[in-house]
Structure formats: structure tokens, C-alpha cells
Amino acid sequence: MEYAAAVSNLKGIGDKTQKLFASVGAETFGKLLMFFPRTYLLYPEPIEDADKDAPHKAAVLTRVPRGVTLKKTQRMDIALARTTLKTSELELVWFRMPYIRSKVLPGKHYVFYGNLFRERSGVYKMEQPLVFTPEEYDEIQRRPQPVYHLTKGLSNNAVIKAVRTLFADGGKIEEYLPPDILQKRSLAGYSKSLYQMHFPDDFDALLTARQRLVYSEFFDFFVRMQLEAKDQIKVSNPWNFHADAYFQKVKDALPFALTKGQEETIHVIRNDLTGEYVSQRLIQGDVGSGKTILAFLLMVLAAENGCQSALMAPTEVLAKQHYETFCGYIEKYGLPFSSVLVTGSTKGAARREVNERIANEKSLLIVGTHALFTEKMTYHNLALVVTDEQHRFGVKQRKMLSEKGRDPHVLVMSATPIPRTLAMILYGDMDVSVIKDVPAKRLPIKNSVVKKNKRKAAWKFIKDEVEAGHQAYIICPLVEASEKTESENVTEYGKALREYYGGSVAVDILHGKMSAAEKERVMTKFAANETQVLVATTVIEVGINVPNATVMVIEDANRFGLAQLHQLRGRVGRGEWQSYCIFIDGSDGDELSERLVVVRDSNDGFAIASQDLKLRGPGDFYGIRQSGDLNFALADIYQDADVMQQASEDVKALLACDPHLMKTEHQPLLAHLKLSEEVIYTNL
């Protein structure tokens, strides 16, 4: 298969549709293969009569005696049909679908699938129902149906058709794992697994396919990591970090005492900086554990030893916040150092001035985004590199930045609570430090779990907090409404909230499909309190620090992994005020989700991560991806910990026998690694 070929090479996809596929990250054959369904729909048994439990999704088997009538209005065409069920009447409505008249013929039986609800008159109603013949419905009922992430203008059926065409006409998909590993781990073939991930025969086949592809992702990751590690040798430490007067001055003058975890971590890192070799260390600290102040102290230590240091943040807004914080500390504590900011929007004369300072000025605290590792950047004595949130950059980008200096020490700060056993596997090339405690003065977040019927009460609570001068986040799983989903979405939710508040509260929306400039604009307004309520997807997980935000509402919280819920909750509780997190449980029934009760009853990220490992069942995977770490498409470090362990062991054994994959039987693996890095995984 030509993985780099554009999807416009597939029959039926023109330039316009190619752009739509590009907007969802599926513009090439390779990326379309990896554009897995976000969930699967299992169609229910058809009913012949409505029941008192409506509204709910239902399939109704009936006939329309008089066919469909068309009503034309100034705004749109409305197709209407009416039928009598056993004990009730059903009205079917389609907006802007006049062609439905020729599809639904009078007197014939059809299965109508959609949201069934009851009007005050007692008549049941379905809007925009899908229409199937009984034979068609029987066929799709046998298999779980894929549901993809969509964008305006791109339908679920269009994606299904494109993927089917790709498998039929896109060329052969080669196996690349060694046969002995496939046999040892009882793994399905690569091509079959990819197909079954999109079009599973049943849920057992889906689980089998996912297990193979999850294994592949971990395997690929560990092979790359260990090949890179083999090329690295221990480097003698060229830096002298013994002067510490300003470091101690700031540390002693802080308006709070460092926690035990912070003190231990600082001590270990100082030993690294004065040790025999250049170090690479992961600092794991739960949300609110005070990693940023540690980064500043260590950057001050570098500065007073005549060295530059660089802190790389995942977003421009967060980089600006770190920069402003550092400038404030420098002024407050009377330090003879300065700080500069480098982001993508730093251009022209300002960029040239910053570049010149970085190229020539010692003892500089440099803060920025990925712009820090552009080719034009030249550093002067860069001795310490700190990256904030490792999984937003990746190993290669981290390496590119570290190569800008003369073998600088590297620190990676992560708020993702990974149990130590998993961290040791994932970050095998790094030492790991964990900060488990949080500052004593920080108030613990108050949590609650409610069903959707309490949503308006949550909105009222937010208004009370806004009137008290605070702000709030609302997190939704989706960007916009798409076929066959009932989940809350950002766009519609934002509209509903604006109507509810009637202009008394400033509401804005934020999601991953917005341009970088638009995201920055929205986040900057929220950080400045020009917007009081931000309705967003999980894009805000590591995006901004707004101490004034005191409320977090998470819609359909049952669809997220516990570790991710904890990460999201960490956006509030950063100031001096009491903060709150409201988890809205969208699951059926009156009982609260067991997993949500766990996150409600604990603010300890590491304890929650451990519980996450125990509570996840095999059915959890086909909802939202549970964690954002390391840019895996399917693999989840919590749910798939056992598969991760297997892949790690197998890679070690493989490279022990063939350190550089030079044997003939390993050439398919080498070719796959090159291809996947270039054209498959690049945008995940």
C-alpha cells in the first residue's frame, strides 16, 4: 500500500472531500487506515409499538400507509409521514431531505431508527430517522457499526465508503511483526486487524483486532525508544552547578514552605546536576503539586552558574503565563538575571532581538513553545532543558531541543499520574521522581456526581460563582453533533448556555479543530476574565493556568478515563478560593457510575490511576480514548498495562538478538518503522 498517497486517489473522493478528510487528520492512505471509529453502534431489536420509557433511541418496524408528504417553507423542505402503531401513533419528520419521498413507499414495511420521544398530545415522534428495509436492518444488526469523528460536510457514510474503498483498492497491507512474536502472543494479522477495527464481525473480533493494534503501537514505540537509547552513550557532565546563593535566597524567601516531595525532588536533581554524567529525569507531580516553582528554582541555579536554561510549554498561552510568572519572581527577589519569551507569534524585529539575546547572553531564563527548537535558534551555554507535559511533544522533539545545547541536562515535568511500575517501562531512558503531596494551604476540590437532570442546577451554581467574581469550565466530549450520537457537544452546548444566561454571563467555546490563532485568542480572553465560562473539549487539559476558575463541569463524565478526569479537574483549585468539580453521569439508569464515585471520593491522582487499572473492563475502549499520553492512537497505558509489559519484554529480547534489526527477517519491521513514522503516526 502507498501509505503517503492522498485519499483523493480513491474513487469518489474529489478535491473538496479531500480537504474535509484533511481537516479530521485522514488525508492520506496511512492516516485513513489509522482513523479508527470513535465508537461503535449496535442497532437494537426493532419494536412494533412505542413504550412509556421514551425518549430513547429506538428502531420501529412499521409501514406508512399514505407515504411521505412534502411541506415547503421559506427556510426548508420538511418531509412528513404518519403511521399507526399497536397502541399509539407515530409521526416521522425529515428536514431538508425531500428525496425521502421516493425512498419510503406507501404500504411497505420499513425500520425507522432514531430518537423516539412523546409529545404532549400523546403522539410519538421521530426526527431525521434513518430508513432501512427489514432485510437491510437485519444485515446491519448483526455487526457493530463504526461511528467516526466528523466535521461539517463530512458524513459518517462518506467515511465508511472511503475506508471500504481503501481496503478494496488501496493495495496490500504487509505484515511486519516477526512470526515467532505473533505466535507467542496469539496476535491476529496486521491487515485483518486493521479491517476488523473499522468493520468488526462482532465485539469479540473487535477486541482481538484492538489487542493486536495496541500491541503494535507499544511495540513500535519501544523499538524506536531502545534503538535511540543504543545510539546514546553516557555523556560526561560538562557543567559546574556549585554556586547556589541566589537559589537559596529565592528558596528561603518564598511565601510558603516547599513540601517534603518538592524538597526531595530538588535534592535529587541537584545531585544530578553536579553528578558525573548529563542527566535525563522525569518529574511526576500530581496536579497542583508545585512543579513550576521547582523549574524556576533550578533555572535560577543554572543562571547563577553562568548558564542558560529553557522551559518549553505545550501552548503559547501557558508559555506566556510561565514567562510573566518568572519575570515577576525575578523582580520580586531582586535577581540579576532576565527572562525572554519565544513563541510562534514572536516575529520580525522582536524575534531577531530575542534570537540575538539567546545567541549571546549568559544566565538567561528562556521560556517558549515548540518554537524553541527551530533551526534558526542558536543557544549560548544551554545547560538545562525543562519540558512541560512530555506527551505533548514526544521523544524526538525533546531530543531536538536538547541538541541545541552542549549536552544539557533534561527535565520532563508531567502531571499525568502514572503508577511507578508503568512509568519505569514507558520512560526506560530516564530517571523518575514523584511528588505526591500538594501545598498545605491549597484547599481540596469539592466533588459531586449528578445525573443529567441536575444540569440546570449546575448552570445556576456556575452563575452564583461568576457573580462572586469567579470563572468556570464546562467540558464536552465532542465538537459538534454528528450522526448517531447523543453526547453533548461544544458548539450546541455553547449556544444553549448563552440562551440560558441571556447575556448576563460571557460564554465562549474552545475545541481542537479551531486554528492555533483562534485557540490562543479564546484562551487569552478567558485568562484575562473577559470570558467567564469556557465550554471546551479536552484541549484545555494542559492549556492554561487560571487561578480564578473555581468550577469545572464535565459532561458525559462516564465516557472518560479516571486519570483524564483527574487531569481535567486539575484546571480548577489553583487559587486561594474553594473550588468545585461536577461530574455529570450520562449513563442509563438511576445508579451512579462506580468509576465516577471513585474520582468523586478522592483527589489523589496516583490512587485514582491505580483504581483506573482495576475498574476498566474490556468494553471501555470503544468510547473516548482514555488518556492523552504519548500520542497513541488506540493504546492506553492504564487499561493496556499488561500488553505494554509484553511488548516491552519482546522488544528487549528481539534487540538482544539483533541490536540494529539487520537480519533479513526483520527488514519488514525496519521498513514499517520508517513508513509509520513518516506518514501514519505524524499527526496523532
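Worth knowing before you read on, the calculation uses all heavy atoms, side chains too, and leaves out hydrogens, waters and symmetry mates. Every value quoted in this text rests on a predicted model; they were computed, and no experiment measured them. When a residue number appears, it is its place in the shown sequence, counting from 1.
Under the 4.0 Å criterion applied to side-chain N and carboxylate O atoms, Arg357 and Glu353 are not assigned as salt-bridge partners. Comment: Glu304 does not engage Lys249 in a salt bridge, judged by the lack of any side-chain N to carboxylate O separation of less than 4.0 angstrom. A salt bridge links Arg521 and Glu518; the closest N-O separation between the charged side-chain nitrogens and carboxylate oxygens is under 4.0 Å.
Enclosure of atom CD in Glu530 by more than 12 non-hydrogen atoms of other residues, nucleotides or ligands within 6.0 angstrom is indicated. Within a 6.0 Å radius of CD in Glu356, other residues, nucleotides and ligands contribute 12 heavy atoms or fewer. Counted within 6.0 Å of CG on Asp15, heavy atoms from surrounding residues, nucleotides or ligands total 12 or fewer; the atom is thus considered open.
A donor-acceptor contact under 3.5 angstrom links the side chains of Asp220 and His672, judged on distance only. Counting only N and O atoms by type, the side chains of His380 and Asn360 include no donor and acceptor under 3.5 Å apart.
In this structure, the side chain of Arg351 engages the main chain of Thr346 through a donor-acceptor pair within 3.5 Å. Side chain of Gln532 to main chain of His470: no donor-acceptor pair is present (N/O by atom type, distance under 3.5 Å, no hydrogens or angles). Under the 3.5 Å distance criterion, the side-chain polar atoms of Glu465 are left unmatched by any main-chain donor or acceptor of Gln471. Here the side chain of Asp252 pairs no donor or acceptor atom with the backbone of Leu254 at under 3.5 angstrom. No donor-acceptor pair closer than 3.5 Å links the side chain of Gln578 to the backbone N or O of Ile445. In this structure a side-chain-to-backbone donor-acceptor pair under 3.5 Å is present from Asn381 to Gly306. A donor-acceptor distance shorter than 3.5 angstrom exists from the side chain of Thr315 to the backbone of Leu318, with no hydrogens or angles considered. Judged by distance alone, with hydrogens and angles left aside, the side-chain atoms of Glu217 form a donor-acceptor pair with the main-chain N or O of Ala635 at under 3.5 Å.
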For this session: Evaluate side chain to side chain donor-acceptor pair (under 3.5 Å) for Ser579 paired with Arg569, printing each intermediate quantity in order.
Result: CA-CA 10 Å; Ser579 290; Arg569 174 171 58 188; over 6 Å; no
For this session: Apply the test side chain to side chain donor-acceptor pair (under 3.5 Å) to residues Asn548 and Arg574: give CA-CA distance (whole Å), side-chain angles for both, the deciding distance (0.1 Å), then the verdict.
Result: CA-CA 8 Å; Asn548 192 50; Arg574 292 169 170 260; over 6 Å; no
For this session: Applying side chain to side chain contact (heavy atoms under 4.5 Å, CB included), run through Val434 and Leu282 and close with a yes or a no.
Result: CA-CA 8 Å; Val434 179; Leu282 170 70; over 6 Å; no
For this session: Report the C-alpha distance between Met377 and Ile358 in whole Å, list the side-chain angles of each, state the deciding distance to 0.1 Å, and finish with yes or no for side chain to side chain contact (heavy atoms under 4.5 Å, CB included).
Result: CA-CA 8 Å; Met377 299 292 294; Ile358 292 172; 3.2 Å; yes
Exercise. Under the side chain to side chain donor-acceptor pair (under 3.5 Å) criterion, do Asn237 and His409 qualify, and how do the steps go?
Worked result: CA-CA 9 Å; Asn237 184 7; His409 295 276; 3.1 Å; yes
For this session: Using the side chain to side chain donor-acceptor pair (under 3.5 Å) rule, take Ser345 and Glu316 through it: C-alpha gap first, then chi angles, then the decisive distance, then the call.
Result: CA-CA 9 Å; Ser345 60; Glu316 190 163 310; 2.5 Å; yes
For this session: Please step through side chain to side chain contact (heavy atoms under 4.5 Å, CB included) for the pair Leu341 and Phe326, ending with a clear verdict.
Result: CA-CA 10 Å; Leu341 176 67; Phe326 287 6; over 6 Å; no
Problem set entry | Steps toward side chain to side chain contact (heavy atoms under 4.5 Å, CB included) verdict (Thr28, Val7) | CA-CA 5 Å; Thr28 65; Val7 294; 5.6 Å; no
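Pairing each heavy atom of Gly494 with each of Val507, the nearest pair is O-CG1, 4.3 Å. Contact record, Cys307 with Ala383: CB-CB, 3.6 Å, taken as the closest heavy-atom pair. Residues Asp407 and Val278 approach most closely at O-CG2, 3.3 Å, considering heavy atoms. Between Ile462 and Val533, the shortest heavy-atom distance links the atoms CG2-CG2, 3.7 Å. Contact between Ile509 and Val522 at its shortest, heavy atoms only, is O-CG1, 3.6 Å. For Asn545 against Pro547, the heavy-atom pair with the smallest separation is O-CD, 3.5 Å.
The stretch residues 235-246 participates, sequence neighbours left out, in these salt bridge (charged side-chain N to carboxylate O under 4.0 Å, His left out) pairs: Asp244-Arg270.
Rounding to the nearest 0.5 Å places CD1 of Ile474 at 11.0 Å from CD1 of Ile554. A distance of 8.0 Å separates CD of Glu324 from NZ of Lys320, quoted to the nearest 0.5 Å. The structure places CD1 of Ile435 at 9.5 Å from CD of Glu264, a figure rounded to the nearest 0.5 Å. Rounding to the nearest 0.5 Å places CG of Asn305 at 11.0 Å from CH2 of Trp239. If you take CZ on Phe221 and OG on Ser648, they are separated by 10.0 Å, rounding to the nearest 0.5 Å. Rounding to the nearest 0.5 Å gives a distance of 6.0 Å between CD1 of Ile269 and OG1 of Thr265.
In this structure, Gln284 and Val432 have side chains that are in contact, with non-hydrogen atoms separated by less than 4.5 Å. No side-chain heavy atom of Val572 sits under 4.5 Å from any side-chain heavy atom of Thr550. At least one side-chain heavy atom of Ile283 sits under 4.5 Å from a side-chain heavy atom of Leu411. Using a 4.5 Å cut-off on side-chain heavy atoms (C-beta onward), Leu673 and Arg224 make contact. The shortest side-chain heavy-atom distance between Val551 and Tyr473 does not fall under the 4.5 Å cut-off. Contact of the Glu361 side chain with the Leu364 side chain is registered, since non-hydrogen atoms from C-beta on lie closer than 4.5 Å. Val386 has its side chain out of reach of Met312: every pair of non-hydrogen atoms, C-beta onward, lies at least 4.5 Å apart. Between Asp508 and Lys525, some side-chain heavy-atom pair lies under the 4.5 Å cut-off.
Among Ile366, Ile330, Thr325, Leu311, the single residue meeting the side chain to side chain contact (heavy atoms under 4.5 Å, CB included) criterion with Ser339 is Ile330. Residue Tyr246 is tested with Phe337, Tyr333, Tyr329, Phe296 for a ring-ring contact (aromatic ring centres under 6.0 Å, His included); the sole match is Phe337.
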